[in-house]
Structure formats: structure tokens, C-alpha cells
Amino acid sequence: MTSPIRTERHDDILVIVSDNPPVNALGAAVRQGLEAAIREGTADESVTAMVIRCDGRTFFAGADITEFGKPMQEPGLPTLVDIIEASDKPVVAAIHGTALGGGCEVTLGCHYRVAVPSAKIGTPEVKLGLLPGAGGTQRLPRIAGVKLALEMTAKGDPIPAKLAAQAGLIDRIVGEDSLAADAIAFAREIASVRPLPRASEKTVQADPDAIAAFKKDNARRFRGFEAPLANIACIEKASDGSSFADGLAFERQEFMRLMMGVQSAAQRHIFFADRQAAKIDDVPADTPLRPIRRVGVIGAGTMGGGIAMNFLSAGIPVTIVEMQQEALDRGTSVVRKNYEASAAKGRLKPEQVTAAMDALTPTLNFDDLADCDLIIEAVYETMEVKKDIFTRLDAICKAGAILASNTSYLNIDEIAACTQRPEDVVGMHFFSPANVMKLLEVVRGDKTADDVLATVMALAKTIRKVAVVAGVTHGFIGNRMLMPRQVEAMKLLLEGATPEQIDRVHVAFGMPMGPFQMSDLAGVDIGWHRDPTRIESIRDALAAEGRWGQKKQAGFYDYDEKRNPTPSPRVAEIIEDFRKSSGATVREISDDEIIERTLYTMVNEGALILEEGKAQRASDIDVVWIYGYGWPVYRGGPMFWAQTEGLPKVVAGLEKHGFPVAASLKDAAASGGKIK
Ligand code: 3H9
């Protein structure tokens with residue numbers, strides 16, 4: 001097999017080039033090739049300096065994640081970085097694209113680093129539940145200081161070349177289109193400079209205050225995660241006076257601990273699940289896409305406005321339609337306010353706000369949708385209204401336009417059937433707030449054309465959403481799985497649990513909020529029949545009393561002006577009344593029972609969804625829950641989590657409470673297999 005690493009001689013400079021598409025991951029062959037090339041350069045007396053660069057779209061994007069968990073082939077990445085640093089001739093990293101993780105660590109082992117202006121450098125391992133395990137936690141603070149090293153390792157976001165240069169991580173920013181030549185010229189300039197700057201030989205100033213402040217400021221963000229704290233501990237070790245060798249030993253120990261743990265397995269699972277979700281099993285990756293130059297949105301409410309913002313932010317013009325001028329003005333002004341708020345926080349430049357607003361065309365005239373390539377309907381969840389809209393769209397939209405509904409429950413096939421072009425109809429289920437939440441459920445109707453599906457999936461990437469294909473089923477993937485959870489949460493109240501207990505168990509599990517906190521935030525009145533005399537459930541009783549949630553400062557909880565919740569004595573009374581009238585036996589409910597009845601039931605529903613072919617794969621379900629509902633990523637989504645719980649335990653838990661268990665779940669539990 002040919003090596004992905006080749007060497008090129010430019011007089012006295014040896015250029016070592018990696019060509020390992022798509023992202024130059026540092027797999028075994030790359031590491032072996034790099035080691036051989038460095039040895040070639042050091043052995044050859046006519047070589048004065050070396051340059052390491054990559055072909056393709058990026059510098060090394062990190063260790064090869066697919067090798068994790070398998071026996072490591074020599075040289076390991078830490079050894080390779082040590083070999084580079086130990087070279088007695090200068091080695092220059094020439095960076096373009098993203099130097100990430102192990103790729104960043106290779107640059108830190110090099111004596112010098114040059115980069116193009118668009119390059120980024122970072123240590124995103126924490127997002128995989130890991131830490132930079134090839135000396136990164138020890139070299140990074142020695143070059144860039146404790147504060148930046150904490151930010152980069154414990155949060156994992158890459159930094160642009162300019163900032164890296166200010167921090168000493170880049171020695172020279174070179175021409176965007178002349179990296180190879182500029183790196184050689186730089187190497188020649190520094191070829192005879194001695195001593196060689198080696199990161200491992202530097203010391204770093206201790207900064208315990210910065211470490212304490214960083215932990216405190218980010219406590220919320222890091223809640224439940226193991227890896228951020230391990231990253232911080234390694235940076236602390238690098239700066240507490242310990243030797244470099246001791247620091248490396250500590251880093252290795254922590255890296256291995258994380259690598260063997262469930263959290264990293266879960267986060268690595270989600271890394272691949274994200275990318276897998278974009279693939280449609282029976283639609284070829286090279287399916288020609290329909291051009292989307294203008295998007296129409298019907299409805300300028302919270303949902304419609306949020307949906308429009310996704311496209312405006314991506315530079316795609318939007319025509320937004322409403323029935324009344326007042327609603328249209330209100331919707332447009334909310335979009336503007338949202339953009340201005342982002343600008344005030346420094347996330348957008350004023351000219352970007354202007355450009356986005358200029359690309360928005362508000363109108364009361366439905367016919368203005370005629371020139372749109374994609375029209376997304378975001379009005380009430382009523383089949384009749386949707387059918388009416390799609391009939392009108394069918395009459396006015398140009399041939400080939402994609403007609404999408406943002407419905408969260410309704411049958412896309414039924415909606416499609418009222419048009420003459422069901423093949424152009426698809427579901428695009430955004431999650432609220434639509435301009436923030438990453439998830440997009442793409443609902444594939446019976447007749448949805450392959451190119452429509454492929455176009456919408458590709459468009460999702462353009463607007464920075466994670467898209468998952470769902471089949472037509474009530475509530476699709478996410479909301480369908482939410483239903484058993486809600487039903488059980490309400491039953492548990494009757495049997496003796498309180499909203500506080502159920503929410504506490506969910507938050508301790510890692511969810512951003514529990515079912516009742518979620519109801520209060522979304523609105524207890526959502527889906528309510530609006531007849532205060534008809535009280536059939538605890539929810540009806542709350543709604544009838546105007547306890548509609550946070551917006552009324554009263555829902556399942558009481559709220560103060562700052563929206564801080566406290567348990568409500570009135571809600572306790574209502575629950576008590578229902579307990580009496582339902583004749584339920586009230587008992588102590590354990591936290592385990594709450595997990596079994598509200599979360600195992602979701603897993604069961606997920607298994608049914610897979611059996612019915614309404615989701616392509618179990619990992620897609622995990623993606624839905626991570627990006628749509630805030631399931632803790634360190635638990636890998638409900639289906640992955642069920643595996644880590646142990647499927648036999650999940651099945652036994654469901655059976656204990658009398659739930660009918662999905663056949664596929666039972667089979668997987670019995671055979672020691674996986675839910676697929
Ligand atoms: C590490 O370095 C540990 C060390 O500290 C210590 C070791 C001892 N490995 O994302 P894309 C695949 S941990 C294997 O769609 P983009 C990816 O699955 C690593 N495969 O492209 C996809 O495959 P497919 C730290 C990888 O342009 C294809 O490449 N590094 C890896 O949107 C294209 O990827 C990171 O965490 C990998 N490292 O984004 C960086 N990376 O086509 C992870 C990607 O079959 N990578 N693939 O679906 C990224 O963040 C993005 O891929 C990147 C490009 C920004 C580079």
C-alpha cells in the first residue's frame with residue numbers, strides 16, 4: 001500500500017506532505033509515514049530544516065477517531081509528537097484549514113508554526129469526552145498561557161489564526177494562496193537558529209485564580225460532564241511546577257480514564273451519528289439537487305419568524321406571508337429585534353443585520369410565493385387549515401417548487417394528497433425557537449421524490465441544522481417518543497410523585513429541565529380544549545384556573561417576577577383532589593421508578609418507531625433527542641443510553657410496570673445484540 005505521506009526536496013528543505021482525505025486524520029499509516037520522514041530529514045546532512053504540510057482541504061483534523069478502542073499501532077501520537085520535537089533540525093508546521101486535536105498537537109511538537117489567515121487551530125477533544133492526549137495539555141499552556149489553554153481545551157472551540165498568532169501559537173501568518181512556498185522560505189530563514197524552541201522546555205506561570213474563576217464561570221455549562229474537569233486538571237498540572245514528564249504521565253492517565261469511560265463512548269457515538277443522519281439509505285449521495293434561491297414562509301408567528309431567520313442568516317432571501325398587516329408587522333419586528341440582540345452581543349455586525357433584513361420581503365399577498373423555490377408553511381396545527389394552504393400553493397407555485405409543512409404531528413401524506421404534486425411535498429419540522437434549535441426533522445411522505453428529500457437534507461446543512469429523516473407517524477420521531485413520557489409523568493403524580501420530584505430526577509439525569517418545567521415554559525394551555533368547565537385531567541384544571549405556565553407566573557409551579565419557580569400549594573391541592581377522585585393508591589415513588597416509567601418507555605417507543613421503519617437507524621433517534629430536546633450528549637441519546645443501561649435491565653423494568661415491550665427490544669436484550 002502506498003503511504004499517505006510523501007517527501008519533497010526543495011534544495012536544503014525537506015517538505016513532508018500528508019495526503020489522507022477527507023480530513024488528513026492521523027491514522028497509523030500517517031503516523032508511520034511522518035516518523036519515517038522526520039528520520040529521513042534528520043539523517044540527511046544536506047537537509048537544514050523540515051516543513052510539514054497537508055494536501056486537500058485541511059491540515060490534520062486530529063487522531064483517527066475510528067481507531068479508538070482498537071489496539072494502537074506504533075508509533076502512537078504522543079511518541080510521534082515527541083519525535084518531531086526532539087529533532088535537532090527545525091520543523092515548521094504549515095497550517096491551512098483546521099489543525100485540530102492531534103493535528104494541533106503535531107504543530108505544538110513542531111518548533112515553528114506558520115498559517116494562512118483563514119486557518120483555525122483548536123483542541124476539540126472535550127467534545128468527544130476526551131482531552132488532548134498527545135502532550136497538548138502540557139505544551140499548549142506552556143506556549144499560550146493558562147487562560148487560553150483552559151478556554152481551548154475545556155470548551156473545545158477552535159480559534160482563528162490571527163488570535164493564535166497573538167497568543168504565540170502561530171509564528172507567522174502567510175499568504176492565503178502561497179502557504180507551501182512561504183513555509184519553505186520561513187524554514188530557510190530560521191534554519192540555523194539555535195537553540196530550537198521546544199514547548200516542553202518552557203515553563204508556565206501558575207494561575208490558580210484564573211483556574212478557580214474559569215471553573216466557577218462555566219459550572220453550568222460543564223454540569224454532568226467529566227471531560228472539562230479532566231482538561232482543567234491537566235492544565236493545572238502543567239502550571240503547578242510539576243516536570244513536563246510528570247505532566248505528560250498525568251495527561252496519559254486522565255486520557256485513558258476518559259477514553260475507557262461511557263461519556264466519551266457516548267460523545268464519539270454522537271459525532272458519527274450526526275454525520276450518518278445526513279445520509280439517506282436508499283437515495284444516492286450524488287442525487288442532483290433542486291436549486292433553492294428564494295424561500296417562502298407562511299406565517300410570521302414565533303415559528304415562522306424563527307424559520308425565516310435560518311435562511312436569511314445563510315444569505316437566502318425569504319418572502320414571508322401573513323393574513324393581517326398587524327401580524328406581519330409584529331413578526332417582522334420580532335425578527336429584527338432578534339438580529340439586533342445578536343448584534344448587541346457582538347455576534348453579528350450591524351451590516352449583517354441590515355443585509356438579513358433587506359433580504360426579507362414581508363407581504364400579505366399569497367401570490368407573491370409564486371417565484372419561491374421552497375415554501376414552508378408554519379401556521380396552526382389544524383389539518384383543514386393546512387389542506388387549504390396546500391391547495392392554494394398547488395395553484396400558484398411554479399413547477400418544481402418544494403412545498404413543505406412545519407407540522408409537528410400531522411400526516412404529511414394527507415396534506416400532500418390535496419395537491420397535484422405529492423412528490424414535491426415534504427415535512428420540515430423545526431424545533432422552537434427555530435432560529436436556535438439545531439434539529440430539523442425531515443418528514444418523508446409516501447410519495448416524496450428522492451431529489452426533494454436530498455435537496456432538503458443538503459439545505460439543512462447550509463442553514464446549520466442537523467437533519468434527521470422521519471417517516472409519517474403521529475409526532476414523527478421526537479414528539480411521538482415524548483408522548484409516553486408525558487402520560488407516565490401525569491400518572492406518577494396521581495400515584496404519589498410530585499412535579500418537583502419528577503423534574504428533579506430528569507434534571508439530575510442531565511436533561512435541561514423536567515416534563516413539568518417544560519410544560520410551564522411551553523405553556524400549559526397548549527393543546528387545551530379551552531372549555532374551563534370541562535376538567536378531565538390535572539392539566540385541564542390548571543389551564544381552567546389560568547395557570548398557563550411561566551407567562552402567567554403560575555403553572556405546575558409558582559413563579560416570582562424573575563421567573564424563579566417554587567412548588568405550588570395550589571397545584572398540590574389540585575393533585576390531591578384528582579388522587580381522591582381517581583381512587584389511585586398513593587404511595588412513595590422511588591427515583592428509579594420515575595426513570596423506568598418515563599425514560600424506559602421512550603426507549604420502547606423508539607424501538608417501535610424503528611420496527612415500523614419510521615426512523616432509518618437507532619442513532620438517528622439519538623440525534624433527534626440530543627439536538628431537539630437537550631438529552632445530555634454524554635449519555636449518547638436514548639437508544640445509546642439503553643445499551644449502556646443494559647437492554648435486559650430495560651426490558652425487565654418495562655415488564656415490571658406492565659408495559660408491552662417492543663419485540664425488537666426483547667430480541668436484542670435476549671441475544672445480547674443492539675437496537676439498530
Ligand atoms: C484526538 O485528536 C485525540 C488526540 O488528542 C490524542 C490521541 C492520543 N477521525 O465533519 P465532516 C470523517 S481526537 C476519523 O463531515 P467537515 C467524518 O466522520 C480528534 N474520521 O467534514 C466524515 O466521514 P464520512 C480531535 C474523521 O468538512 C468525514 O471525515 N479532532 C475525523 O464538515 C468528513 O467530516 C476532532 O474532533 C477524525 N478525526 O468538517 C475533529 N474527522 O464522510 C473532528 C472527520 O464518512 N472533525 N472524520 O461521514 C471535525 O471537526 C470535522 O470533521 C472537520 C471537517 C471540521 C475537520
Side-chain angles (χ1 to χ4, degrees), residues 4 18 20-31 34 54 56-82 95-109 118-140 149 152-160 227 230-231 234 248-249 251-260 264-265 267-281 285-286 457-458 460-462 464-467 617 619-620 623 633:
S18 171
N20 187 31
V23 296
N24 280 304
L26 285 148
V30 174
R31 298 193 306 272
L34 283 174
C54 292
R57 65 189 207 227
T58 178
F59 194 78
F60 305 111
D64 186 337
I65 308 168
T66 59
E67 285 182 353
F68 289 176
K70 298 179 190 156
M72 180 57 72
Q73 287 192 52
E74 291 301 327
L77 204 48
T79 311
L80 175 68
V81 175
D82 288 347
I95 307 165
H96 77 291
T98 43
L100 299 179
C104 173
E105 293 172 291
V106 164
T107 75
L108 300 176
S118 62
K120 287 188 177 170
I121 181 158
T123 47
E125 286 90 339
V126 71
K127 295 185 180 174
L128 299 169
L130 294 170
L131 50 81
T137 66
Q138 303 305 298
R139 289 190 177 89
L140 188 59
M152 287 179 69
T153 59
K155 290 188 181 165
D157 297 327
I159 60 170
N231 274 280
C234 287
L248 274 192
E251 177 193 275
R252 180 100 305 242
Q253 168 203 311
E254 288 296 279
F255 180 82
M256 291 315 292
R257 180 175 68 80
L258 293 176
M259 172 70 100
M260 307 308 279
S264 175
Q267 289 179 256
R268 281 181 276 137
H269 161 73
I270 290 301
F271 177 85
F272 289 113
D274 274 0
R275 285 152 180 84
Q276 186 72 9
K279 295 172 185 143
I280 316 160
D281 282 343
D286 58 358
M457 294 301 278
K461 199 165 178 185
T462 310
R464 295 155 158 259
K465 298 284 175 205
V466 180
R617 40 188 101 83
S619 63
D620 281 10
V623 169
V633 62

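No experiment lies behind these values; they were computed from the predicted model shown. Just so you know, ligand 1 is whichever comes first in the structure, and atom 1 is the first atom listed for that ligand.
- Remark: side-chain polar atoms of E105 are paired, donor with acceptor, to backbone N or O of G133 under 3.5 angstrom.
- If you check which protein heavy atom lies closest to atom 15 (O) of ligand 1, you get R275 NE, 3.8 Å.
- In terms of polar-atom proximity, L77 is not counted as a contact of ligand 1, lacking any N or O under 3.5 Å from an N or O of the ligand.
- F59 and G103 get closest at one heavy-atom pair: CE2-O, 3.5 Å.
- A 4.5 Å side-chain heavy-atom check between F255 and L130 finds at least one atom pair inside the cut-off.
- Heavy atoms of L130 stay at 4.0 angstrom or farther from ligand 1.
- Of all protein heavy atoms, the one closest to atom 48 (O) of ligand 1 is K279 NZ, 2.7 Å.
- Partners of Q253 according to the side chain to side chain contact (heavy atoms under 4.5 Å, CB included) rule, which considers only residues two or more places apart in sequence or in another chain, are F250.
- In the candidate list E125, E67, Q276, R268, E125 is nearest to atom 13 (S) of ligand 1, counting heavy atoms.
- Of all the heavy atoms of P22, the ones lying under 4.0 Å from any atom of ligand 1 belong exclusively to the side chain.
- Among the atoms of A63, some N or O lies under 3.5 angstrom from an N or O of ligand 1.
- Summary of contacts: the protein heavy atom closest to atom 14 (C) of ligand 1 is D64 OD1, 3.3 Å.
- Residues V30 and P4 approach most closely at CG2-CG, 3.7 Å, considering heavy atoms.
- From the protein, the heavy atom lying nearest to atom 30 (N) of ligand 1 is A61 O, 2.9 Å.
- V23 CG1, 4.1 Å is the protein heavy atom nearest to atom 54 (C) of ligand 1.
- At least one N or O atom of G133, backbone or side chain, sits closer than 3.5 Å to an N or O atom of ligand 1.
- Here R257 pairs with E254 in a salt bridge; the nearest charged N to carboxylate O distance falls below 4.0 Å.
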For this session: Verify salt bridge (charged side-chain N to carboxylate O under 4.0 Å, His left out) between D82 and R139, making sure each step is shown before the conclusion.
Result: CA-CA 11 Å; D82 288 347; R139 289 190 177 89; 2.9 Å; yes

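- Contact annotation for L26 and ligand 1: no heavy atom of the residue comes within less than 4.0 Å of the ligand.
- Using 4.0 Å as the threshold, T58 has no heavy atom nearer than that to any atom of ligand 1.
- Residue contacts with ligand 1 for P124 involve side-chain atoms from C-beta outward but no N, CA, C or O (heavy atoms, distance under 4.0 Å).
- With sequence neighbours excluded, no residue forms a side chain to side chain donor-acceptor pair (under 3.5 Å) with D286.
- Atom 23 (O) of ligand 1 is not flagged as protein-proximal [any protein heavy atom, distance under 4.0 Å].
- Between the choices F60, F255, F59, the shortest heavy-atom distance to atom 7 (C) of ligand 1 belongs to F255.
- Distance screen at 4.0 Å: atom 56 (C) of ligand 1 has a protein heavy-atom neighbour inside the cut-off.
- The shortest N/O to N/O separation between E105 and ligand 1 falls below 3.5 Å.
- At a 3.5 angstrom cut-off on N or O pairs, R57 counts as close to ligand 1.
- Checking side-chain atoms of R268 against main-chain N and O of M259 turns up a donor-acceptor pair under 3.5 Å.
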